[in-house]
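Working notes, beginning with the structure itself.
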Amino acid sequence: QQPGEARRAEYDELCALEARAVDAKLGIHGDANAPGAVRTVQWAGTFDVSDLLKRVKGTPIDAIVEQVPSGSMVRLMLLPSFHQITLMLSGVQCPAIRRTEAGEEAAPFAREARHFVESRLHHRDVQVRLEGVEKNGQALLGTVLHPQGNISLELVKVGLARVVDWSSQLTDNGPALRTAERAAREKRLRLWRDYVPPNTGGDMAEFAGRVVEVVSGDTIIVADPAGAERRVTLSSVRCPRPAPRGAEERPDAAYGAEAKEFVRRAVIGKKVKVVPEFRRTFEPEGGAAVERLFVTVTYNNERNVAAALVGEGLATVAQGRPEERSAHYEALLEAESSARAAKKNLHSSGPPPASKVADLTLPAARERAKSYLNQFSRGGKLRAVVQYVVNGARFKLLLPKDHCVVTFVCVGLKCPACSRRDGQSDAEPFGDEALAFSRGLAYQRDVEVSIESMDKSGAFLGSLYLPDKRNLGILLLEAGLAARMGAAADRSACAAELREAEEVAQKANRRLWQNYSAEQEAAARAAAIAAA
């Protein structure tokens with residue numbers, strides 16, 4: 001108090017408090033050399049942030065927010081170690097504020113984002129979880145937690161921050177952040193005021209269906225409950241593509257076949273749930289525009305096909321625009337990270353798998369195919385994969401154990417001709433139906449074949465058994481979609497079963513036999529014998 005100055009009402013109380021502090025040797029009245037009497041602050045730039053991260057990563061630490069340079073960056077004092085750090089919020093990014101000689105240059109909503117954080121956290125006690133180091137090694141990445149919630153999540157909810165891929169993998173809040181971002185986009189809040197939703201087209205309702213074809217590792221064809229086949233592509237993943245014919249083979253092209261085989265084994269012929277997410281139109285150079293439907297496909301109790309594919313290192317995560325991403329984008333990133341760590345397939349440093357399959361379907365390989373006949377006919381049932389259905393009874397098969405592709409025909413059967421893709425020939429009655437019948441049961445399925453003989457064209461003749469062990473030739477005959485070829489059918493090991501199956505169709509007047517009469521057939525046979 002200054003001389004002559006009137007005493008304040010609280011003067012005596014202040015003197016009493018000071019006397020107590022002196023007696024207790026508190027603060028400035030204590031020993032300046034006592035431990036903890038003077039704070040030892042580790043100022044930013046005077047210590048190794050990587051070393052600090054190693055010691056406390058993932059552990060909540062008490063801190064005080066000292067400054068808010070921008071919405072997604074804060075300066076903190078860690079307690080009780082008194083490390084001063086600059087922290088960038090993991091997984092989010094607010095509009096930037098730049099300092100220039102003329103002052104601040106702020107992007108739209110940058111000052112609003114900073115004020116949002118300042119009004120809630122500046123000079124507040126918080127907890128911080130350190131999760132990584134920024135690219136230049138100066139700032140740390142982490143999450144700031146306040147008793148009222150996670151500030152990163154709150155920024156995204158009100159449209160003042162975007163989710164960023166490069167740091168979202170560091171935090172456990174990735175899925176929640178993306179969910180909040182989707183909600184902000186749909187409401188067109190602040191940063192999303194000019195947001196244009198992706199093309200979703202008409203029917204985007206989820207549906208259950210059966211996979212009828214695997215086109216590639218990331219594209220399949222699914223038959224919906226009405227029987228319509230819909231071509232869909234997996235969201236946010238990219239599989240290697242084979243090199244164009246005549247072009248130099250790329251190192252990763254071999255994994256394209258591996259990815260397709262992985263998906264084929266997983267879902268072909270199975271029921272799946274398809275959740276459409278967005279549509280995208282592609283305009284190939286020199287070609288017509290093509291629209292694709294991007295979806296999430298799950299099978300076997302919600303197992304995600306895309307996540308399984310990425311987890312095996314057979315596909316990579318495609319970033320794309322934020323509004324055109326899978327709803328399971330975080331799970332895909334996590335699966336990719338695990339595959340990279342395990343160095344699986346595409347992420348391996350070793351050479352890609354080499355294909356050593358001999359194609360015995362080519363005219364030039366006819367003589368070579370004959371050399372396999374004894375081996376195949378004595379080997380019992382052989383495992384095979386149906387690669388192509390030529391018509392109801394003719395197929396192209398891959399024999400994995402023998403590393404070859406062969407032409408196979410159901411012995412003793414003749415199916416009506418189907419229409420050609422080039423439109424140069426029309427189908428015979430029931431030809432296309434026979435093709436669809438066999439394709440639906442056998443295409444891309446794991447089957448078994450027993451080979452009995454070979455025809456002049458180099459095609460192997462025998463019986464094809466479906467995954468459920470049924471003989472496809474017998475099913476075709478029973479459905480009236482094929483007829484026996486007398487002598488060839490009689491020489492088959494399944495001659496009796498083939499004859500019985502055809503008789504069943506004849507008696508029921510099915511398809512090929514719709515005008516069949518046993519009496520007329522017997523009369524015609526008798527007339528032929530008499531004429532001979």
Side-chain angles (χ1 to χ4, degrees), residues 35-94 96 117 121-147 149-156 161-178 310-311 313 316-317 319 329-344 347-349:
V38 179
R39 292 181 177 180
T40 303
V41 177
Q42 303 291 320
W43 300 105
T46 64
F47 60 92
D48 186 355
V49 294
S50 298
D51 181 63
L52 174 64
L53 178 66
K54 289 179 183 177
R55 288 188 279 116
V56 299
K57 184 176 182 179
T59 303
I61 306 169
D62 292 331
I64 299 173
V65 178
E66 292 191 328
Q67 187 182 0
V68 183
S70 71
S72 53
M73 180 187 294
V74 293
R75 188 159 290 123
L76 304 170
M77 182 66 73
L78 302 184
L79 303 175
S81 64
F82 295 109
H83 283 87
Q84 186 192 61
I85 65 169
T86 298
L87 184 82
M88 298 180 67
L89 300 179
S90 297
V92 301
Q93 189 170 44
C94 292
V117 177
L121 296 186
H122 197 202
H123 290 169
R124 305 296 206 284
D125 291 314
V126 297
Q127 282 197 319
V128 59
R129 188 170 58 240
L130 302 184
E131 296 161 333
V133 178
E134 200 265 338
K135 295 175 183 178
N136 61 21
Q138 299 300 313
L140 288 157
L141 294 165
T143 301
V144 175
L145 301 172
H146 185 272
N150 181 338
I151 192 64
S152 301
L153 186 59
E154 297 304 319
L155 281 165
V156 175
R162 299 174 186 268
V163 180
V164 290
D165 297 329
W166 64 273
S167 64
S168 65
Q169 300 177 61
L170 300 175
T171 177
D172 296 336
N173 301 307
L177 292 174
R178 294 198 185 279
V310 172
T316 55
V317 179
Q319 289 188 355
Y329 191 74
E330 290 296 329
L332 297 179
L333 290 175
E334 185 177 343
E336 184 177 47
S337 178
S338 299
R340 288 184 186 279
K343 296 183 178 180
K344 290 184 177 181
H347 311 296
S348 170
S349 57

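For the single chain, residues carry numbers from 1 onward in sequence order.
- Without hydrogens or angle criteria, R340 side chain to S338 main chain gives no donor-acceptor distance under 3.5 Å.
- In this view, D51 and R55 satisfy the side chain to side chain donor-acceptor pair (under 3.5 Å) rule, not counting sequence neighbours.
- In plain terms, the two heavy atoms of S90 and S152 that are nearest each other are O-OG, 4.4 Å.
- For the atom pair CD (E334) and CG (L332), the distance works out to 10.0 Å, reported to the nearest 0.5 Å.
- Considering all non-hydrogen atoms of both residues, S50 and D48 come closest at N-OD1, 3.0 Å.
- The two residues E330 and S168 make their nearest non-hydrogen contact at OE2-OG, 3.5 Å.
- The shortest side-chain heavy-atom distance between E154 and V117 does not fall under the 4.5 Å cut-off.
- In this structure a side-chain-to-backbone donor-acceptor pair under 3.5 Å is missing from S337 to L333.
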Please evaluate residues L79 and I64 with respect to the criterion side chain to side chain contact (heavy atoms under 4.5 Å, CB included), reporting the C-alpha separation (whole Å), side-chain torsions for both, the decisive distance (0.1 Å), and the verdict. CA-CA 8 Å; L79 303 175; I64 299 173; 3.9 Å; yes

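- Distance check, rounded to the nearest 0.5 Å: CD of Q93 to CE of M73 gives 9.5 Å.
- The minimum heavy-atom distance linking G311 with A339 is given by the pair O-CB, 3.7 Å.
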Under 3.5 Å donor-acceptor pairs involving side-chain atoms of residues 137-146, not counting sequence neighbours:
unit_1: T143; atom_1: OG1; unit_2: E131; atom_2: OE1; d: 3.2
unit_1: T143; atom_1: OG1; unit_2: E131; atom_2: OE2; d: 3.2
unit_1: H146; atom_1: ND1; unit_2: Q148; atom_2: N; d: 3.0

Hey, mind stepping through T86 and Q67 against side chain to side chain contact (heavy atoms under 4.5 Å, CB included) and telling me if it holds? CA-CA 9 Å; T86 298; Q67 187 182 0; over 6 Å; no

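- The CG atom of L130 lies 8.5 Å from the CG atom of L76; values are rounded to the nearest 0.5 Å.
- Listed by first and then second residue, the ring pair (Phe, Tyr, Trp, His ring centres under 6.0 Å) pairs that reach into residues 47-78 are F47-H83, sequence neighbours excluded.
- D125 meets the side chain to side chain donor-acceptor pair (under 3.5 Å) test with no other residue; sequence neighbours excluded.
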Donor-acceptor pairs under 3.5 angstrom involving side-chain atoms of residues 170-177: please list them, not counting sequence neighbours.
unit_1: T171; atom_1: OG1; unit_2: N173; atom_2: N; d: 3.1
unit_1: T171; atom_1: OG1; unit_2: N173; atom_2: ND2; d: 3.2

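- Side-chain contact check for I85 versus L52: some heavy-atom pair is nearer than 4.5 Å.
- Among residues two or more places apart in sequence or in another chain, the side chain to side chain contact (heavy atoms under 4.5 Å, CB included) test is passed with Q84 by W43, A44, E66, R75, M77.
- Summarising the geometry of G71 relative to L155, their closest heavy-atom pair is O-CD1, 3.5 Å, with the distance given to 0.1 Å.
- Counting only distance, with no hydrogens or angles, the side chain of S72 and the backbone of C94 share a donor-acceptor pair below 3.5 Å.
- Of all non-hydrogen atoms in Q127 and P60, the two that sit nearest each other are OE1-CB, 3.9 Å.
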